[in-house]
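One structure is given below, encoded as structure tokens.
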2 protein chains.
Amino acid sequence: MALKSTLRDRRRLQTSREIQRAALSLALSQGYEGLTTEMIAAEAGISQRTFFNYFLNKEAAIIGETVSFDEETVAWFRESSGPLVPDLLQALRRLLCSSDLDRGMSQLIDRLLNKAPELVPIFYGSLKRLSDQLSDLVVLRLGQDARADADLLAEAISHALADTFRIWANDDAMSPDSIVDVTTARLLVLRGFLDQL
Amino acid sequence: MALKSTLRDRRRLQTSREIQRAALSLALSQGYEGLTTEMIAAEAGISQRTFFNYFLNKEAAIIGETVSFDEETVAWFRESSGPLVPDLLQALRRLLCSSDLDRGMSQLIDRLLNKAPELVPIFYGSLKRLSDQLSDLVVLRLGQDARADADLLAEAISHALADTFRIWANDDAMSPDSIVDVTTARLLVLRGFLDQL
DNA sequence: CACAACTATGCATTCTGTGCAATGTTTGCT
DNA sequence: AGCAAACATTGCACAGAATGCATAGTTGTG
């Protein structure tokens, strides 16, 4: 079950990114209002029908594909006996390492979210998917009874991470490796607030 | 600029709630898949066109209207010299007090989210609106420079609150007044996790 | 009452999203 | 290489979502 990279898989990934690039660049130049799936398909050099083979809807094309923890990371996390939260951050480090980050794309997304704020809720809806994965990890260690607590922690971490992504996207000097470090700093800020309770 | 309750306003609110009730009950009985705006309109006793006069889209009808802080609360918060986070929670208390909560409706939403998990991201996208309001409050006190920190805190609080709502919806013995108390307890759990850093 | 502001609705239209069937491409197997 | 299964692309048809516009009715106000 190793990761086999066939021609088909490579093309699929490439087409998927090309569609997202087309969607983002058109949304930025022409505005998200009035952007149609036909325009995106034309810009990406595919048919409208094929567009819908790749993405369930227009928003999904803007957001792009969701990353996932690989099995090794999940296994490592479950077996680790270190403290929970630092281990979660370590898992995130692995995730960011395996998924090759594209700063240019992140920059486009950030600019689009500034230009078309109506997309922000959609983006946060999609962030929920990452949060769910984090929550699943926590439950692996603490058990299903801790699901509610796990959700809460996962939300905080995923939002701190999303926050960090915007910083990283706009700072060419910032290394991808330091993303999780900055995320940790953001979480410490949050803890500072909660110390008021 | 007091709150005048004309016949028009009352009817509007009533129709809006009737539409949401129709949408929720149909989604629960027939399934969200295959639920059309025409069905909702028919069940609510209005035309499809009128449905779209009340809600921007089908999802918005399910979620219902978003609550807002009233001007007095905003003014009170800005002038208060108490610690930030407890004041935020106090503002939430006022918000929940003024918006008359409907446990039955919240219960329906909770059941629907369990039955149709594809709606969860949409719900979280809408929760962002409340979060934005909280963030605006924080910025009133700390200034625009603290926007990023404000967002982070607001996200944590709003998710803790959403969490509490689900508990409240399913526990008839729980008083609406205690919602913010439970939310505070949830935030303390979160702080406990973050103490691992 | 008279007039402005708002509401409901029908109709036409554009866009989204899905199912299906036909045709072509890639893969794995012998 | 040759073959069959799996997968990808596309066109077409169609149901549903959402908007603009015109019209007729209702409510608020002086």
Taken in chain and number order and not counting sequence neighbours, the residues that satisfy salt bridge (Lys or Arg N to Asp or Glu O under 4.0 Å) with B:R147 are B:D136
A:S47 vs D:dT9: side-chain N/O to OP1/OP2 distance below 4.0 Å:
no
Treating Ile, Leu, Val, Met, Phe, Trp and Tyr as nodes and any side-chain heavy-atom pair under 4.5 angstrom as an edge, say whether A:I62 and A:L13 lie in one connected cluster.
no
Between protein and nucleotides 14-21 of chain C, map the contacts as a letter string: B base, S sugar-phosphate only, - none, heavy atoms under 4.0 Å, written 5' to 3'.
--SBBBB-
Separation of D:dA18 P from A:E33 CD (nearest whole Å)
13 Å
Below 3.5 Å, can you tabulate the donor-acceptor pairs from side chains in residues 78-85 of chain B to any protein atom, sequence neighbours excluded?
unit_1: B:S80; atom_1: OG; unit_2: B:G82; atom_2: N; d: 3.1
unit_1: B:S80; atom_1: OG; unit_2: B:D87; atom_2: OD2; d: 2.4

Send over the distance from B:M39 CE to D:dA15 P, rounded to a whole Å.
16 Å
Tell me: OH of B:Y32 to C1' of D:dA17, nearest whole Å?
11 Å
Starting at CG of B:N53 and ending at C1' of C:dT7, how long is that distance when rounded to a whole Å?
8 Å
Pairing residues for B:D163 by the salt bridge (Lys or Arg N to Asp or Glu O under 4.0 Å) criterion, not counting sequence neighbours:
B:R186
Hey, is the side chain of A:R8 poking within less than 4.0 Å of OP1 or OP2 on D:dA6, counting only N and O atoms?
no
Which whole-number value in Å describes the distance from B:R10 CZ to D:dT26 P?
18 Å
Nearest whole angstrom, please: distance from the P of D:dA17 to the CD1 of B:I122.
13 Å
Between A:E65 and A:R17, does any side-chain N to carboxylate O distance fall below 4.0 Å?
no
Applying side-chain hydrogen bond (donor to acceptor under 3.5 Å, both in side chains) as the test, list every pair that has at least one member in residues 120-129 of chain B; sequence neighbours left out.
B:K128-B:D132
The side chain of B:Y54 lies closest to which of these nucleotides: C:dT7, D:dT10, C:dT9?
C:dT7
My understanding is that only residues two or more places apart in sequence, or in another chain, count here; which of them pass salt bridge (Lys or Arg N to Asp or Glu O under 4.0 Å) with A:R191?
B:D195
Please name all residues satisfying salt bridge (Lys or Arg N to Asp or Glu O under 4.0 Å) with B:D181, sequence neighbours left out, ordered by chain then number.
B:R93
Quickly work out the B:R11 CZ to C:dA8 P distance and round it to whole Å.
9 Å
End-to-end bend of the helix from C:dC1-D:dG30 to C:dT30-D:dA1 (five-pair axes, 10° rounding)?
40°
Output all residues satisfying side-chain hydrogen bond (donor to acceptor under 3.5 Å, both in side chains) with B:T164, sequence neighbours left out; order by chain, then residue number.
B:T183
